[in-house]
Amino acid sequence: MPLPVEQLRELITTDVSRWRKQNCVSLMDHSAQQIRAVLELASELKAHDLQRKSSVFWDYPRTLAMLFQKSSLRTRVSFEVSMAHLRGHAVYLSPDDVGLGIRESVADVAHGLSRWVDAITARVYHHSMVTSLAAHASVPVINALSDQEHPIQAFADLLTLQEHCGRLGNERHLAYVGDGNNVLHALLIGCAKLGVNIRAAYPKGYEPAAEYVEAALQAAQSTGAHITLSNDPAEAVHQAEAVYTDVWASMGQEHEKEERAAIFAPYQVNSALLAHAAPNAIAMHCLPAHREEEISSEVMTLHNTTIFDQAENRLHTQKALLLLILGL
Ligand code: CP
Ligand code: NVA
């Protein structure tokens, strides 16, 4: 039974006060209510496949500038397709096009783009680049991944967890095994704010940044989420409903790949590790995956559907975020 377009418009309008014209640079800046609004709208957009009717949402085609300092498949494609479904337009800018902070200062790029487009998304090496863009732009800025955080990935991860395991709250149990990186940072904050229990395990020296751990623990005080951090993958995975991993060497750390491969070997998500999880536990990966490194080929094959549901959900959650930020 399709949800009437009017009801969807209401969902967006009701949430306008929470997201309208806001940046999405870090989940630390956003409330549980805002995170839930993205997930709720994304679920509706997904369930009712409304892209063909979406011209009823925007009265003129909104535009999104996409600044990329690093490679991307999912983020670039899901944003471009989101804008196409919403009858807007995305402008992809490669590192060679812009030379952010090299050819031109971040401030001047932000000022120029603000005169042409309705929103900017940026994938950067240094998180300070995206905060600086947000500080200088007069249009909303969305973090498309920085060295510190990948907030838009967390929206898709949380929606996938909800779809496969159920309502997001204290009854959920997610394990993360691997590097204490940008993906874990966003997950820690997202889970803590929604009350989802999260246990993370990583090698010594590769822990998540203290500011993210502190912010997650702070948020968990009011939601009751249990956050457990250790160096023991089996302990983290014990009875978990979902086991998440990410690459061992992130973009910008390629030169550490061999050193990390040796250190992270005991943290591979494979069938032996998944044997500690709850029966029917799902495996999750933000992708790109490196089979036989952070995830075994066997687990990747067995959990292919879930992992690509996660990738698909990038589209629905980013479309929802764009509608909430840009309004109708
Ligand atoms: N997960 C993710 O952000 O993928 P891309 O690097 O391909 O955009
Ligand atoms: N941690 C990874 C995520 C890729 C989507 C990276 O930053 O390269």
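In this chain, residues are counted from 1 in sequence order. In listed order, ligands and their atoms are each counted from 1.
Within the 4.0 Å heavy-atom cutoff, R123 counts among the residues contacting ligand 1. Within the 4.0 Å heavy-atom cutoff, L287 counts among the residues contacting ligand 1.
Checking only distances, C286 does come within under 3.5 Å of ligand 1, N or O to N or O. Considering backbone and side-chain atoms alike, R76 places every N or O at 3.5 Å or more from each N or O of ligand 1. Backbone and side-chain nitrogen or oxygen atoms of L73 are examined, and one is located within less than 3.5 angstrom of a nitrogen or oxygen of ligand 1. In terms of polar-atom proximity, S250 is counted as a contact of ligand 2, with an N or O under 3.5 Å from an N or O of the ligand.
A cation-pi geometry, defined here as NZ or CZ lying under 6.0 Å from the six-membered ring centre and within 45° of its normal, does not hold between R76 and F79.
S26 and E149 share a side-chain donor-acceptor pair at under 3.5 Å. Checked by atom type, the side-chain pair E292/S297 shows a donor-acceptor distance below 3.5 Å. Counted by atom type alone, S94 and D97 present one or more donor-acceptor pairs between their side chains at under 3.5 Å. Under 3.5 Å, the side chains of D309 and T160 contain no donor-acceptor pair of N or O atoms. No donor-acceptor contact under 3.5 angstrom links the side chains of H285 and D246, judged on distance only. A donor-acceptor pair shorter than 3.5 Å can be found between the side chains of D157 and Y244.
The shortest contact between atom 4 (C) of ligand 2 and any protein heavy atom is with L145 CD1, 3.8 Å. Looking at atom 8 (O) of ligand 2, its nearest protein heavy atom turns out to be M251 N, 2.8 Å. For atom 2 (C) of ligand 1, the closest non-hydrogen atom of the protein is R314 NH1, 3.2 Å. Shortest contact from atom 3 (O) of ligand 1 to any protein heavy atom: H150 NE2, 2.8 Å. Closest protein heavy atom to atom 4 (O) of ligand 1: R74 NE, 2.8 Å. Closest protein heavy atom to atom 7 (O) of ligand 2: N182 ND2, 2.8 Å.
Of all atoms in ligand 2, numbered sequentially from 1 with element shown, those under 4.0 Å from a heavy atom of L287 are 5 (C). Ligand 2 places these atoms under 4.0 Å from at least one heavy atom of V247: 2 (C). Per-residue contacts place D246 under 4.0 angstrom from the following atoms of ligand 2 (heavy atoms of the residue considered): 1 (N), 2 (C), 3 (C).
Taking hydrophobic clusters as Ile, Leu, Val, Met, Phe, Trp and Tyr residues chained together by side-chain heavy-atom distances below 4.5 Å, L326 does not share a cluster with Y60.
Ring-centre distance between F68 and Y92: below the 6.0 Å cut-off. Taking the six-membered ring wherever Trp is involved, the centroid distance between the rings of W19 and H30 falls below 6.0 Å.
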